[in-house]
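One structure is given here, and the rest of the page talks about it.
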Amino acid sequence: MKQRVSALLREKFGREVVLEKPKDRSFGHFATPIAFSLAKELRKSPMVIAEDLASSFNDSEIFTSVESVKGYLNFRLSEHFLNDYALWALENENDFGKQEKKEKILLEFVSANPTGPLHIGHARGAVYGDTLYRLAKHLGYDITAEYYVNDAGNQIDLLGLSIALYARENILNESVEYPESYYRGEYLDGLAKGAVEKFGVEIFSDESRYKELALWAKDGVMDIITKSLADTNIFFDTFVKESSLYSEWDRVMDKMASTDKNAIYKKEDKVWLSSEAKGDDNDRVVVREDGRPTYLAGDIVYHNQKFERGYDHYINIWGADHHGYIPRVNAAVEYLGYDSNKLETLLAQMVSLLKDGEPYKMSKRAGNVILMSDIVEEIGADALRFIFASKKSDTALEFDLAEFKKQDSSNPIFYVQYAHARIQTIINKSELSKHEIMESSLMGLEENADILLFDALLLPEVIEDAFSSRQVQKLTDYLKALAASLHKFYYDCKIIGSDDEAKLLKLLLVVALSLKTGLSLMGIEAKDHMSREDNA
RNA sequence: GCGUUCGUAGCUCAGCUGGAUAGAGCACCGGUUUGCGGUACCGGCGGUCAGGGAUUCGAAUUCCUUCGAGCGCACCA
């Protein structure tokens with residue numbers, strides 16, 4: 001809709017025109033301050049320019065009126081245009097807001113280590129990534145969701161040790177001491193018991209077999225992780241294991257060296273990456289004295305593999321505590337001969353949780369982490385997704401669980417769902433058939449109804465904007481606002497029994513379509529009725 | 001110290017590439033249809049957009065600077 005207006009104006013003025021939503025809806029559907037920028041070039045007052053421009057729009061098919069107010073140019077779309085568009089949307093529900101972007105995108109997110117269940121910080125990145133994924137799919141991008149599994153390195157050994165220690169204490173009843181760095185948590189119990197079945201209790205007393213224990217356990221942890229993700233409607237297309245990459249290390253090193261002979265060098269018996277020359281603070285070790293590659297080496301191979309698979313664009317979503325890591329990966333990508341501008345790294349900031357004012361604490365390795373699964377159990381997956389999607393991902397977030405358990409307008413997910421449910425209820429209540437409703441015209445709506453229709457038809461622009469700016473909260477903001485318009489309209493206007501019943505119901509169908517489509521892009525299913533007992 | 005993200009109402013946050021009177025929700029106070037789910041709606045209270053400077057027709061938004069906060073600054077992943 002906006003694209004059409006925008007294209008029309010671009011053609012008319014021969015330049016890109018800024019379109020915005022007027023502050024006050026009585027001004028019209030769209031507005032532009034273009035007269036202000038033209039004022040300087042034309043050496044005339046903005047008011048005069050706006051007047052001239054407005055009067056030049058007499059014969060447009062899309063607009064009913066174009067007016068100038070204090071230098072702004074305000075456009076009002078024609079009823080024909082809105083009516084046709086709404087009808088098309090209702091008849092092509094699944095295509096509403098869809099586009100056909102062709103770009104191939106690789107989106108990597110979550111990628112939490114397989115050493116324990118996901119905590120609340122991971123959940124934020126997970127929701128953010130999955131929402132972007134759904135938006136991109138809707139826009140027609142060929143996007144792949146990928147999870148990078150860090151199943152090599154010290155932390156895996158530590159997992160084995162942690163399970164063994166847990167088992168020795170709780171199954172063999174030995175008295176043990178936990179070093180600070182060991183993993184803790186309830187999940188160890190399941191793994192320890194599983195290990196007894198698989199290997200027998202002997203394994204816990206045999207240090208030489210801890211590696212074996214760890215390699216088995218990491219798959220179990222991945223199952224726990226993918227299950228919590230699935231419970232939140234998050235799924236991945238591909239998993240890439242770090243352990244599968246190191247065999248390519250020599251080839252990748254040669255590749256960097258052939259692009260730039262200074263990319264890699266030896267010093268103090270270690271191998272270094274010249275990342276400082278590419279904007280990093282320091283050069284980085286990639287192979288230690290003893291020949292073991294560092295974590296960065298694995299990531300270099302991984303990114304090489306990503307680029308060799310051939311996508312147009314790459315997006316990584318990382319926790320904010322990894323932001324210092326970006327320059328070295330970009331450096332490596334350039335040494336590999338690729339354009340680091342194609343690699344976009346987004347950060348999900350920390351989350352702090354309150355419950356009735358009490359702050360929760362998060363520490364990665366202590367047993368008292370706040371698990372994603374616990375929060376899902378407490379407030380439900382829908383509420384979790386809504387809250388995480390509704391805040392800009394690059395700012396720290398604090399929220400109180402209590403707010404998302406309420407069943408009233410203070411809980412945004414409830415509020416939006418209730419709007420959708422109200423529409424379903426009233427449609428069912430009406431005696432009119434679906435056919436009669438669809439046959440009616442949306443022309444001649446009064447002003448409030450017209451505004452509601454316009455708002456509902458704005459979803460496609462919101463989807464495009466939310467994805468291209470990577471700001472998924474634009475979608476939740478939109479849904480909250482649309483729900484508010486609906487509730488207000490419902491209060492102001494009697495629908496059943498009115499002369500315009502069919503017309504108004506059709507309008508509500510358009511609103512419901514927008515709500516439902518918007519929710520589905522957040523991995524949330526729209527509800528047709530609310531129940532008071534439904535305390536998720 | 002260096003890098004980075006930020007600082008908007010009592011609280012949690014929106015405010016897009018500069019544009020019309022800086023917005024929501026919570027909290028607090030007061031109201032509402034003979035009408036379809038009052039699980040809703042409306043109104044009030046509340047702001048020096050951290051401070052200062054610059055750019056211009058115009059700045060919460062861009063730039064500089066001061067102050068304050070989170071995160072990072074490993075041969076851990």
Side-chain angles (χ1 to χ4, degrees), chain A residues 16 18 20-24 27 31-37 39-40 45-46 69-72 74 111-113 115 150 152-156 158 181 242 268 270-272 280-282 284-290 292-299 319-327 347 349-350 352 354 357 364 387 390-392 394-400 402-403 406-412 414-415 417-419 421-422 425-430 465-466 468-469 471 473-474 476-477 480-481 483-484 486-498 501 529-532 534:
Chain A
E16 205 55 49
V18 179
E20 53 194 38
K21 227 162 82 172
K23 275 270 150 61
D24 186 335
F27 286 147
T32 177
I34 188 171
F36 290 97
S37 31
K40 209 180 289 177
S45 112
V69 180
K70 292 198 286 188
Y72 285 83
N74 297 327
S111 297
N113 293 345
T115 53
N150 293 123
N154 295 340
Q155 85 277 11
I156 292 298
L158 202 54
S181 58
E242 182 186 359
E268 298 161 4
K270 297 167 227 175
V271 181
W272 299 71
D280 197 4
D281 294 341
N282 297 298
R284 307 290 170 178
V285 173
V286 285
V287 182
R288 303 175 179 94
E289 286 173 282
D290 60 10
R292 284 156 51 231
T294 62
Y295 178 76
L296 178 60
D299 235 5
D321 52 344
H322 284 63
H323 73 82
Y325 200 77
I326 296 173
L347 299 176
Q349 288 282 348
M350 302 294 124
S352 45
L354 298 172
K364 216 171 184 177
I387 175 66
S390 65
K391 307 294 176 186
K392 237 180 2 191
D394 60 358
T395 11
L397 164 69
E398 185 173 273
F399 75 97
D400 196 318
E403 191 185 336
K406 293 192 193 154
Q407 304 283 300
D408 60 40
S409 62
S410 68
N411 178 351
F414 179 86
Y415 187 70
Q417 288 281 22
Y418 181 42
R422 265 188 146 172
T425 308
I426 200 168
I427 297 279
N428 292 335
K429 201 144 203 155
S430 167
D465 188 26
S468 62
S469 66
Q471 311 220 331
Q473 83 278 6
K474 291 186 177 183
T476 57
D477 285 351
K480 281 189 275 188
L486 183 276
H487 285 307
K488 179 168 167 49
F489 182 75
Y490 186 93
Y491 179 85
D492 288 340
C493 175
K494 186 185 175 192
I495 293 161
I496 290 192
S498 104
E501 185 170 329
H529 54 85
M530 311 297 288
S531 61
R532 226 176 254 270
D534 192 18

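None of these values were measured; they are calculated from a predicted model. The analysis underlying the following values was restricted to heavy atoms, covering all of them including side chains, and did not include hydrogens, waters or symmetry mates.
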* To do: Please state the P separation for the pair B/A77 and B/C71 - nearest whole angstrom.
  => 23 Å
* Which value, in whole Å, describes the distance between the P atoms of nucleotides B/G3 and B/C63? -> 16 Å
* Rounded to the nearest angstrom, tell me the gap between atom CG in A/Asn411 and atom C1' in B/C26. => 12 Å
* In whole angstroms, how far is the C1' atom of B/U12 from the CG atom of A/Asp477? -> 13 Å
* Would you say B/G15 has OP1 or OP2 under 4.0 Å from some side-chain N or O of A/Gln473? -> yes
* Which part of the nucleic acid does A/Lys429 contact within heavy-atom distance under 4.0 Å: base, sugar-phosphate only, or nothing? -> sugar-phosphate
* Structure fact -> Separation of B/A14 atom C1' from A/Lys474 atom NZ, nearest Å, is 11 Å
* Which listed nucleotide (B/A40, B/C36, B/C16) is nearest to the side chain of A/Lys494? -> B/C36
* **Protein-to-nucleotide contact annotation, 5' to 3' order, nucleotides 28-34 of chain B [B base; S sugar-phosphate only; - none; under 4.0 Å, heavy atom]** => ----BB-
* To do: Please state how far atom CD1 in A/Ile387 lies from atom P in B/U12, giving the value in whole angstrom units.
  => 13 Å
* To do: Mind calculating the distance between OH (A/Tyr295) and P (B/A77) to the nearest angstrom?
  => 9 Å
* Asked: Taking the side chain from A/Gln155 and the backbone from A/Ala152, do they hold a donor-acceptor pair closer than 3.5 Å?
  -> yes
* To do: Give none if B/U34 has no partner; otherwise give the nucleotide forming a Watson-Crick or G-U wobble pair with it, both distances under 3.5 Å.
  => none
* Where the side chain of A/Ile426 is defined as all heavy atoms beyond and including C-beta, which of B/A20, B/C71, B/C36 is the nearest nucleotide? -> B/C36
* Structure fact -> Protein heavy-atom contacts under 4.0 Å, written 5' to 3' over nucleotides 2-10 of chain B as B (base), S (sugar-phosphate only) or - (none), form the string -BSSS----
* Looking only at atom P, what distance separates B/A50 and B/C6, rounded to whole Å? -> 13 Å
* To do: State whether A/Tyr415 places a side-chain N or O below 4.0 Å from either non-bridging phosphate oxygen (OP1 or OP2) of B/C41.
  => yes
* Asked: Heavy atoms under 4.0 Å, any strand shown: does A/Ala152 hit a base, just sugar-phosphate, or nothing?
  -> sugar-phosphate
* Atom C1', compared across B/C11 and B/G47: separation rounded to whole Å -> 15 Å
* Asked: How long is the line joining CD of A/Gln155 and P of B/A77, in whole Å?
  -> 7 Å
* Asked: Looking only at atom P, what distance separates B/G23 and B/C49, rounded to whole Å?
  -> 14 Å
* With rounding to whole Å, what would you report as the distance between B/G70 and B/C13 at their P atoms? -> 15 Å
* To do: Looking at every strand, decide which applies to A/Thr425 at a 4.0 Å heavy-atom threshold: base, sugar-phosphate, or nothing.
  => base
* Asked: Taking only side-chain nitrogens and oxygens of A/Arg422, does any of them come within less than 4.0 Å of OP1 or OP2 of B/C41?
  -> no
* Asked: C1' atom, B/A24 versus B/A14: distance in rounded Å?
  -> 7 Å
* Structure fact -> note: A/Lys391, atom NZ; B/U12, atom P; distance rounded to Å ~ 10 Å
* In whole angstrom, give the distance that lies between atom NZ of A/Lys480 and atom P of B/A40. => 15 Å
* To do: State whether A/Gln471 places a side-chain N or O below 4.0 Å from either non-bridging phosphate oxygen (OP1 or OP2) of B/G15.
  => yes
* To do: Take atom C1' in B/C29 and the same atom in B/U33, then report the distance between them in whole Å.
  => 23 Å
* Quick one: label A/Asp299 by what it contacts on the DNA or RNA (base, sugar-phosphate, nothing), any heavy atom closer than 4.0 Å. => nothing
* To do: Apply side-chain contact (heavy atoms from CB on, under 4.5 Å) to A/Ala466 and list each qualifying residue two or more places apart in sequence or on a separate chain.
  => A/Leu135, A/Lys474
